[in-house]
Amino acid sequence: MNRVPVELEDLAARLPVKPIRHSGSGTTGSFDLDQWISDHCPNVRGPSDWKGGRRWIFPTCPWNSDHDNGSAYILQFPAGAIAAGCLHNGCRGKDWHSLRDLVDPTWRPNSRLRGGAGQEPECAGWEVPLPFHQFNLPRFPTEALPGWLRVYVLAVATATQTPVDLAAILALAVVAASCAKKVEVRLKPGYVEPLNIFGVVALEPGARKTSVFRKIVEPLEEYERAEIDRLAPEIARAKALLKIKEAKLKKLQDRAVSAKGAEQNGLTAEAVALATEITESVVPTQPRYFADDCTPERLATLLRDQGGRIAVMSPEGDVFDLMAGRYSPTGAGNFGVYLKGHAGDALRIDRVGRPPEFIERPALTVGLAVQPEVIRGLIDRPGFRGRGLLGRFLYSIPISLLGHRDTNPPPIPEKTHTDYRSNIHALLKLPFEKEESGEVRPRQLRLASDAQTRFQAFDAWIEPQLSEFGDLGGIRDWGGKVVGAVGRIAGILHMADFVGTAAPWDHPISRETIDNAVQIGEYLIPHARAAFAEMGADVFVDQAKMVLRWIERNTPACFTKRDLHQAMRGTFKRVEELERPLALLVSHGFVRKHQEVSQDGPGRPASPIYDVNPLWVSEKAGRAKTRPARNQHSEDCENSEKGDAGDSSRPKSVQLDENAELE
């Protein structure tokens with residue numbers, strides 16, 4: 001059962017501040033909330049102090065009796081405004097008015113809502129606007145994960161009392177790192193995607209990112225240690241033989257220098273043969289499966305030494321600092337290895353005093369758990385967006401459960417942990433396919449025919465959203481890669497599904513797997529929009545904010561698109577350029593469009609009319625006023641989706657743990 005967040009602190013500032021009277025039995029007076037609750041909701045608990053106002057809690061939700069964990073409430077803000085609702089997504093849309101309709105059905109004929117600021121707009125149907133930095137972000141669809149992976153992700157999230165999104169994104173990165181370079185997915189003729197992904201989850205400090213990170217990455221660490229121990233004797237033997245050959249070569253060279261004639265020729269030939277043998281000698285490299293605090297230069301070397309694949313996994317955001325050139329003498333960013341490591345483009349590196357480094361088809365995986373502040377600062381990193389780095393990441397911005405956690409959660413079952421560890425190890429043990437030259441060549445995963453059809457339908461659905469005024473038009477650098485990302489995720493899910501199978505590549509990717517990958521892709525889209533909005537990188541969000549500032553300055557109750565264009569011609573050269581920002585204002589609840597009215601006869605078509613949200617107008621006007629005394633009860637038009645009003649410093653999702661309560 002999904003839940004909405006409980007950050008309601010800013011809601012009072014978003015409601016009308018002018019007390020609204022109601023008519024009843026021919027008289028006018030203040031609404032007596034205490035008496036109304038006594039008459040109609042005798043089982044409610046309260047009132048208790050809440051943010052300077054008062055709060056009542058329903059033991060059982062009046063709209064849904066299954067919600068019996070104190071999730072339904074009545075609030076009275078310091079200004080006197082009244083709100084009601086339930087934290088469960090299933091009760092979304094239930095508000096103070098719907099509560100009155102339910103328990104006091106005769107109230108409407110004798111009630112009339114009025115707005116403030118000298119106007120009388122009808123508040124019914126309006127909701128509190130959703131700020132641009134706040135999105136109704138979905139919870140990660142764990143049902144899309146293969147069984148063993150889903151069970152472990154949920155167990156980790158429960159044991160650590162963290163959002164499932166954190167464990168899920170990191171787990172996908174671990175599976176990707178285990179399969180990278182071994183397989184790739186053929187999405188259609190001529191279109192192949194590798195399996196490595198870049199994932200980043202943003203959660204506030206104290207949200208136990210490190211604890212989750214350790215549990216998810218542990219199998220990689222264990223396998224790496226085991227491989228180091230297993231190969232240690234072989235590496236030591238190869239190094240010893242190489243040193244002996246090098247010492248022997250040195251002696252041969254010294255003797256050849258002082259020898260003459262045929263002896264010198266013989267020694268020279270022997271030295272050349274030995275030098276060639278040394279050049280062709282291969283000393284196994286100590287295996288590395290992931291790195292953390294690693295400069296881009298060192299990362300390129302690790303990629304070369306590890307056969308072209310490695311993962312960068314970290315519970316902090318230092319990786320972005322290193323990309324930006326923290327240790328660079330010039331301070332310039334150097335993240336070409338990340339760009340090519342994500343795409344699989346050949347990587348050639350030449351440095352003064354070092355041998356050239358050449359990596360064919362590099363496969364770099366990234367899994368990061370960072371603080372929201374790291375996300376906010378990315379757009380300011382020179383080149384990060386312009387060169388396409390930010391468009392390569394799969395973003396997740398879940399809501400923290402801090403303050404709503406079970407302090408005594410069940411631990412991860414031993415079998416669940418063992419299954420996860422053994423399955424990751426099984427993926428790591430899958431063999432590479434090599435060409436005759438010894439170069440690793442990924443095997444190809446193919447889509448079943450019905451899976452191909454489903455994938456093409458997703459591709460077709462995304463394409464129009466990438467247009468200038470499409471939903472992804474403001475983040476086309478990311479949106480242009482989401483189809484490929486879904487293809488990669490499909491390959492990751494397929495490999496996880498067929499773990500323990502000797503040849504997973506012999507089985508086609510099923511329609512069900514594509515459906516699951518698309519479901520994850522649909523989850524990632526709003527999170528990416530929120531991340532880019534948080535960065536301040538969405539051009540249409542910026543334009544919508546410009547329009548909003550015009551409305552603030554001019555305070556119209558309504559306006560036409562033509563009037564708006566005339567007023568903002570310096571910003572919007574064509575009327576059509578207003579389509580996307582106005583659509584954003586509508587979707588966030590700041591304005592709404594009149595129903596289209598047909599126009600008969602000659603003349604220019606009527607310009608669309610937009611009404612301005614009276615709740616937002618009242619809120620803006622009320623900030624400069626003194627709030628009414630607390631005993632001036634009022635029945636304000638309010639919005640039941642309280643989770644969208646909260647800490648304005650970061651995006652919000654609409655999910656909470658099942659046991660969280662308003663209290």
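Nothing fancy with the numbering, it's 1 onward along the sequence.
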Practice problem: Quick one: do Leu472 and Arg529 satisfy side chain to side chain contact (heavy atoms under 4.5 Å, CB included)? Show the steps, please. | Solution: CA-CA 8 Å; Leu472 297 175; Arg529 293 179 63 194; 4.3 Å; yes
Approximate separation, where rounding is to 0.5 Å, of [X] [atom1] and [Y] [atom2]:
{"X": "Phe58", "Y": "Ser65", "atom1": "CZ", "atom2": "OG", "value": "14.0 Å"}
{"X": "Leu584", "Y": "Gln543", "atom1": "CG", "atom2": "CD", "value": "9.0 Å"}
{"X": "Ile74", "Y": "Ile37", "atom1": "CD1", "atom2": "CD1", "value": "4.0 Å"}
{"X": "Arg100", "Y": "Cys41", "atom1": "CZ", "atom2": "SG", "value": "10.0 Å"}
{"X": "Thr513", "Y": "Arg454", "atom1": "OG1", "atom2": "CZ", "value": "12.5 Å"}
{"X": "Ile412", "Y": "Thr418", "atom1": "CD1", "atom2": "OG1", "value": "11.0 Å"}

With a 4.5 Å limit on heavy-atom distance, are the side chains of [X] and [Y] in contact?
{"X": "His494", "Y": "Ser510", "answer": "no"}
{"X": "Ile520", "Y": "Val486", "answer": "no"}
{"X": "Val151", "Y": "Asp419", "answer": "no"}
{"X": "Arg45", "Y": "Pro59", "answer": "yes"}
{"X": "Arg421", "Y": "Thr416", "answer": "no"}
{"X": "Ile397", "Y": "Pro372", "answer": "no"}
{"X": "Leu99", "Y": "His40", "answer": "no"}
{"X": "Met535", "Y": "Tyr395", "answer": "yes"}

Quiz item: Just one of Tyr73, Trp56, Trp36 clears the ring-ring contact (aromatic ring centres under 6.0 Å, His included) bar with Trp96, so which one?
Solution: Trp36
[X] to [Y] - nearest heavy-atom pair and separation:
{"X": "Gln161", "Y": "Asp406", "result": "OE1-N, 2.7 Å"}
{"X": "Trp148", "Y": "Ala496", "result": "NE1-O, 2.9 Å"}
{"X": "Pro62", "Y": "Leu102", "result": "O-CD2, 3.2 Å"}
{"X": "Gly367", "Y": "Leu170", "result": "C-CD2, 4.0 Å"}
{"X": "Asn613", "Y": "Gly589", "result": "ND2-O, 2.7 Å"}
{"X": "Ile57", "Y": "Val44", "result": "O-CG2, 3.2 Å"}

Exercise. Please name all residues satisfying side chain to side chain contact (heavy atoms under 4.5 Å, CB included) with Asn64, sequence neighbours left out, ordered by chain then number.
Key: Cys61, Asp66, His67, Cys91
So does [Y] get a backbone contact from the side chain of [X], meaning a donor-acceptor N/O pair under 3.5 Å?
{"X": "Arg405", "Y": "Thr162", "result": "no"}
{"X": "Arg580", "Y": "Asp471", "result": "yes"}
{"X": "Asp165", "Y": "Phe140", "result": "yes"}
{"X": "Ser38", "Y": "Asp34", "result": "no"}
{"X": "Trp478", "Y": "Leu390", "result": "no"}

Quiz item: Hey, what's the ring geometry for Phe590 with Trp616, parallel, tilted or perpendicular (30° and 60° as the breaks)?
Solution: perpendicular
Self-check item: Parallel, tilted or perpendicular: rings of Tyr420 and Tyr152 (30°, 60°)
Solution: parallel
Practice problem: Step by step, work out the side chain to side chain contact (heavy atoms under 4.5 Å, CB included) result for Ile462 and Ile525. | Solution: CA-CA 10 Å; Ile462 287 292; Ile525 289 171; 3.8 Å; yes
Exercise. Output, in order, the C-alpha distance, side-chain angles, deciding distance and verdict of side chain to side chain contact (heavy atoms under 4.5 Å, CB included) for Val591 and Val547.
Key: CA-CA 11 Å; Val591 300; Val547 173; over 6 Å; no
Quiz item: Are Phe458 and Val483 close enough, and set up right, to give a side chain to side chain contact (heavy atoms under 4.5 Å, CB included), and what steps lead you there?
Solution: CA-CA 8 Å; Phe458 176 72; Val483 173; 4.1 Å; yes
Could you go through residues 205-217 and list every donor-acceptor pair under 3.5 Å that involves a side-chain atom there, pairing it with any protein atom two or more places apart or in another chain?
{"from": "Arg208", "atom 1": "NH1", "to": "Thr160", "atom 2": "O", "distance (Å)": "2.9"}
{"from": "Lys209", "atom 1": "NZ", "to": "Leu203", "atom 2": "O", "distance (Å)": "3.2"}
{"from": "Lys209", "atom 1": "NZ", "to": "Glu204", "atom 2": "O", "distance (Å)": "3.3"}

Exercise. Report the residue from Leu154, Ile169, Leu145 that forms a side-chain contact (heavy atoms from CB on, under 4.5 Å) with Val164.
Key: Leu154
Quiz prompt | side-chain contact (heavy atoms from CB on, under 4.5 Å) partner of Val200, chosen from Ile375, Leu394, Leu378, Val366 | solution = Ile375
Quiz item: Do Ser98 and Asp95 get their side chains close enough for a donor-acceptor pair, meaning under 3.5 Å?
Solution: yes
Quiz prompt | Heavy-atom neighbours of Glu512 CD exceed 12 at 6.0 Å | solution = no
